[in-house]
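For reference, the structure is listed below as structure tokens.
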Protein chains: 2
Amino acid sequence: MNLPPLNLTEEWLDRLQASGYRLTQPLRRIVELLVASPRALGPIEIYDLVRVHYPNLGLVTVYRTLEKLEALGLVQRVHQEDGCHRYLRATQGHQHLLICTRCGRATYFAGDDLSRLIRHTEEETGYLVQDHWLQLYGLCPACRQ
Amino acid sequence: MNLPPLNLTEEWLDRLQASGYRLTQPLRRIVELLVASPRALGPIEIYDLVRVHYPNLGLVTVYRTLEKLEALGLVQRVHQEDGCHRYLRATQGHQHLLICTRCGRATYFAGDDLSRLIRHTEEETGYLVQDHWLQLYGLCPACRQ
DNA sequence: GATTGACTTGAAAATGATTTTCATTTATAA
DNA sequence: TTATAAATGAAAATCATTTTCAAGTCAATC
């Protein structure tokens with residue numbers, strides 16, 4: 001019988017272990033950081049933040065860990081204007097991102113109403129729409145003030 | 001008195017000249033290609049396609065020309081999954097992109113109904129939404145068959 | 001608790017896209 | 001036709017990401 005994980009970090013580590021990965025120090029540090037971050041982080045940012053308390057970390061390990069976490073659907077890539085990527089804890093189900101342009105805070109929202117727009121567009125263009133990519137930008141409640 | 005441009009290529013070249021740029025051979029070739037392309041092209045693609053008839057072209061010139069065209073709002077960056085960019089003739093006003101996953105054909109559509117979704121999301125999250133980024137993927141009429 | 005072997009790691013080098021530098025070429029105004 | 005400032009192409013520099021490989025570490029087994 002499986003007891004529920006104490007918190008999200010434990011849950012991620014359980015998932016990783018269940019998938020055959022070893023729970024190493026670098027992995028644990030990176031997971032802790034990503035679970036706790038309210039905004040998407042880039043590889044270099046993760047590298048710098050983890051090295052504050054774990055100076056031996058290599059940048060390559062950051063990339064390799066992000067690859068694992070993305071493969072398990074635990075983190076999601078967030079596209080940047082400049083082509084680089086940042087990484088954010090993923091959400092369950094199909095949700096979209098709302099990103100604060102001031103502090104970077106990322107919030108998921110449902111956005112079901114997109115189906116109407118998609119139907120309209122199919123009629124208008126003759127395309128068969130199979131997938132979509134939506135991201136909203138603005139000010140989070142804290143930054144509005 | 002200004003006569004209307006004969007075609008889109010002339011229009012782009014007029015805009016470039018009016019902005020103080022010189023109308024060089026490399027520039028003309030790249031503009032002709034982008035005006036005629038139904039799908040977004042990457043720098044290397046442009047480089048290869050133009051060199052078929054203008055072998056002296058340098059890749060650097062492609063990047064510099066794209067920069068000018070983007071600054072004038074004549075082309076638009078299209079983000080790729082891998083972080084690279086492609087470039088597509090821009091549209092007038094605020095429209096979104098619909099891209100064929102098979103042949104790459106890009107079509108613009110209005111998508112005004114997004115305002116409802118944005119209002120909902122603002123109420124739901126407390127954010128002030130200022131901007132958005134929407135792209136649809138699917139099969140174009142020709143590729144559906 | 002010690003041992004073993006495979007998975008992970010970190011450093012350095014490789015890669016690929018993009019940018020910068022600079023001497024040469026070229027468009028355009030005089 | 002000439003002068004000159006802008007644009008070009010080649011090579012080198014930069015930056016993000018990936019690959020290579022020897023050394024280190026986790027976790028199963030003794």
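Atom set for the values below is all heavy atoms of this structure, side chains included, hydrogens, waters and symmetry mates excluded.
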Q. OH of A/Y87 to CG of A/L69: how many Å apart, nearest 0.5 Å?
A. 10.0 Å
Q.
Need to verify one output field. Residue with the more 5' nearest nucleotide on DNA chain C, B/Y21 or A/Q25?
A. A/Q25
Whole-Å distance separating the [atom1] atom of [X] from the [atom2] atom of [N]:
X	N	atom1	atom2	value
B/Q80	D/dT17	CD	P	16 Å
A/L66	C/dT8	CG	C1'	15 Å
B/L23	D/dT8	CG	P	10 Å
A/D82	D/dT14	CG	P	19 Å
A/Q17	C/dT8	CD	C1'	15 Å
A/K68	D/dC26	NZ	C1'	12 Å

Not counting sequence neighbours, which residues clear salt bridge (charged side-chain N to carboxylate O under 4.0 Å, His left out) with [X]? List them please.
X	value
A/R116	none
B/R144	none
B/D48	B/R51
B/R77	B/E70

Q.
With the threshold set at under 4.0 Å for non-hydrogen atoms, list the residues of residues 26-37 of chain A touching DNA chain D in residue-number order.
A. none
Set of residues satisfying side-chain contact (heavy atoms from CB on, under 4.5 Å) with respect to [X], sequence neighbours excluded:
X	result
A/H132	A/H94, A/H96, A/L114, A/I118, B/L136
A/T24	A/R22, A/P26, A/L27
A/A142	A/C140

Q. Can a side chain N or O of A/T24 be found less than 4.0 Å away from OP1 or OP2 on D/dT25?
A. no
Q: Please tell me if the side chains of B/L57 and B/Y47 come closer than 4.5 Å, counting only heavy atoms from C-beta onward.
A: yes
Q: Please list all pairs passing the side-chain hydrogen bond (donor to acceptor under 3.5 Å, both in side chains) test where one or both residues lie in residues 25-43 of chain A, with sequence neighbours left out.
A: A/Q25-A/R29, A/R39-A/E45
Q) Which letters describe nucleotides 11-22 of chain C, given B = protein heavy atom under 4.0 Å from base, S = only from sugar-phosphate, - = neither? A) BB----SBBBB-
Can you tabulate the close N/O pairs, meaning under 3.5 Å, that link protein atoms to atoms of nucleotides 1-5 of chain C?
{"residue": "C/dG5", "atom": "N2", "partner": "A/R22", "partner atom": "NH2", "Å": "3.3"}

Ignoring hydrogens and angles, write down the donor-acceptor pairs under 3.5 Å from the side chains of residues 98-109 of chain A, residues two or more places apart or on other chains.
{"residue": "A/T101", "atom": "OG1", "partner": "A/G138", "partner atom": "O", "Å": "3.3"}
{"residue": "A/T101", "atom": "OG1", "partner": "B/Q130", "partner atom": "OE1", "Å": "3.4"}
{"residue": "A/T107", "atom": "OG1", "partner": "B/Y127", "partner atom": "OH", "Å": "2.8"}
{"residue": "A/Y108", "atom": "OH", "partner": "A/Q76", "partner atom": "OE1", "Å": "3.0"}
{"residue": "A/Y108", "atom": "OH", "partner": "A/R89", "partner atom": "O", "Å": "2.8"}

